[in-house]
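Here you go, one structure.
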Amino acid sequence: MTAVETRDVLVVGAGFGGLYSLYVLREAGFHVTAVERGSGVGGTWYWNRYPGARCDVESLQYSYSFDDDLQQDWEWTERYAGQPEILKYAQHVSTRFDLTDLIDFNTNVESMNYDAEQQQWTVSTNSLTYKAKFVIAATGCLSSTNLPDFPGLEQFEGDTYHTGRWPHEKVDFAGQRVGIIGTGSSAVQAIPVIAAEAAELTVFQRTPNYSIPAHNKPLDPSEQNEVKSRYEELRSAARAERSGILSIFPPNEDLAREASDAEFEARMNERWDYGGFGFYRSYIDIVVDPQSNERVAEYVRGHIASKVDDPATAALLSPSNTIACKRPCLDTEYYETFNSEHVHLVDISETEIQAITPTGVSVNGQEFEFDALVFATGFDAMTGALLGMNITGVDGCTLAEAWAEGPRTYLGLSVPKFPNLFTVTGPGSPSVLTNMIMAIEQHVEWIRDCLVAMRDEQIATIEASSDAADSWVEHVNAIADQTLYPSCNSWYLGANIPGKTRVFMPLIGFPAYAERCEQVAANNYEGFALA
Ligand code: NAP
């Protein structure tokens with residue numbers, strides 16, 4: 001019989017959300033454990049070890065703010081930290097705050113059932129069963145990989161890799177013919193690095209993406225010290241930004257459609273040369289006004305044309321869709337990589353991949369031979385990991401049934417019929433449109449305060465009301481509908497997964513959201529039923 005462990009709180013996941021949940025809940029006196037399917041901490045940064053993996057948020061911002069000693073002590077080495085450095089940081093945090101012993105590794109949740117009578121969750125895993133009053137799902141927004149059902153996939157005789165499940169050992173592509181499917185953020189980072197090693201690299205592109213140069217570089221120690229000397233002020237300024245991310249370019253109210261050619265060119269050049277997402281803050285109307293959006297898109301297309309030598313390849317790499325509507329990419333020499341003779345671009349926009357064969361890939365009757373295949377095909381974002389846990393709430397209602405029409409949460413934190421279950425950066429919260437670590441801190445602190453208040457008031461259960469969730473989903477979509485975001489096939493909408501209901505999942509705008517969460521708590525958790 002499976003052993004049963006009892007906890008006040010069970011956390012699922014030991015990425016940044018899970019680690020911080022463990023820390024604050026232990027400090028608040030709860031008996032808490034995390035289960036983690038990996039063999040180590042780090043979540044996203046544990047799994048995504050593909051060549052070139054790097055954070056698109058600057059390292060001095062993509063880090064915890066809760067402990068000043070930690071943020072003063074930790075030395076980042078580059079403007080954007082690479083995956084190995086971020087993983088080391090997660091490991092350091094786990095060790096520094098004695099969290100590692102609170103984590104059961106190699107433990108995968110197989111199902112979770114709420115017992116309304118006992119007012120507790122039973123969480124079954126591949127090893128132990130846990131009973132816990134509360135469950136915190138810190139399962140990440142981009143953690144359930146998407147591997148399309150390519151016919152013949154299992155026949156391929158070479159090595160296969162998914163960017164989101166990269167092996168821990170170094171993969172050596174030297175001398176190999178490598179095929180990569182996908183041109184999203186992961187591929188845009190991996191392609192230049194794999195190309196530097198492989199004998200031949202063939203990129204299968206269904207939709208081109210806009211990418212802005214990252215201009216990554218070693219961090220200047222004086223810049224790092226300057227930020228550290230004002231960390232508190234800078235962190236709180238970041239929390240007041242829509243994305244929770246500061247840029248050297250302050251927000252402005254200027255409209256791209258009204259800028260003269262000279263003004264427009266000068267401003268865009270300045271931001272292009274600086275690199276990073278500050279590019280998209282050049283004008284306030286980029287994601288709301290189609291004409292302004294097209295002006296910026298055309299500016300980027302001009303750069304693609306000037307970077308890529310072969311005009312036909314440049315044309316294929318040039319997107320025609322709305323810019324910034326899909327999650328934008330940052331790169332290091334992505335477009336330039338296609339100037340190398342051993343790098344080939346295959347357009348599969350009209351003719352999908354027919355089959356994976358024992359020796360390679362077949363497209364439109366043409367055979368491509370490979371030693372290795374890389375799937376950079378993304379994730380079942382925001383809902384995949386939650387639905388993968390087979391969760392059943394009150395009245396036998398499964399999460400899959402509750403979300404048949406798309407994810408339905410209150411504040412991205414809680415789901416009606418699933419009492420005492422919290423989601424960290426869940427659908428309906430700003431999450432992926434912000435600096436994730438900042439969003440995680442806000443969510444986890446809210447959950448901690450809620451659990452402490454419940455303990456103090458002797459409240460056993462908390463459950464989002466159906467009406468509150470309905471109006472929240474309406475609110476999230478009403479805000480998205482004021483923008484161009486819903487106009488393209490992005491994973492924000494679930495459009496990358498065949499059959500997934502299209503709902504815009506993240507909420508735009510961090511500050512108003514955080515304020516709303518505070519108001520809800522101050523108004524005795526309005527929108528929730530407390531029992
Ligand atoms: P993604 O953006 O979803 O890109 C997946 C790619 O695979 C797309 O080019 C897609 O084409 C292609 N694809 C999917 N199914 C396909 C099929 N059946 N046939 C052919 N092509 C197919 O995934 P990702 O690149 O892993 O990035 C996901 C998110 O992770 C990013 O948007 C970002 O938020 C995060 N991320 C962040 C960083 C960072 O901070 N540096 C790095 C990597 C990833 P279509 O566009 O046509 O669907």
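In each ligand, atom 1 is the first atom listed, and ligand 1 is the first ligand listed.
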Q: Using modelled atom types only, decide if a donor and an acceptor are shared between the side chain of Asn293 and the backbone of Ile323 within a distance under 3.5 Å.
A: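 A pair under 3.5 Å: yes.
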Side-chain donor-acceptor pairs of residues 140-148 under 3.5 Å, sequence neighbours excluded:
| unit_1 | atom_1 | unit_2 | atom_2 | d |
| --- | --- | --- | --- | --- |
| Ser143 | OG | Thr139 | O | 2.5 |
| Ser143 | OG | Gly140 | O | 3.4 |
| Asn146 | ND2 | Thr377 | O | 3.0 |

Q.
With side chain to side chain donor-acceptor pair (under 3.5 Å) as the rule and sequence neighbours excluded, what pairs involving residues 314-326 come up?
A.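 Sorted pair list comes back empty.
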Q. Between Phe97 and Phe66, is the ring centre distance below 6.0 Å?
A. yes
Q. Going by the side chain to side chain donor-acceptor pair (under 3.5 Å) test, which pairs reach into residues 79-97, not counting sequence neighbours?
A. Glu58-Arg79, Asp73-Arg96, Thr77-Glu85, His92-Arg96, Ser94-Thr100
Q. How would you list, by chain and number, the residues with a heavy atom under 4.0 angstrom from ligand 1?
A.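 Heavy-atom contacts below 4.0 Å: Tyr50, Arg54, Cys55, Asp56, Leu142, Pro148, Phe150, Ile181, Gly182, Thr183, Gly184, Ser185, Ser186, Gln189, Arg206, Thr207, Lys326, Arg327, Ile348, Ala376, Thr377, Gly378, Phe379, Trp491.
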Q.
Once rounded to the nearest 0.5 Å, what's the spacing between atom CG of Leu60 and atom CD of Glu78?
A.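 One gets 12.0 Å once the value is rounded to the nearest 0.5 Å.
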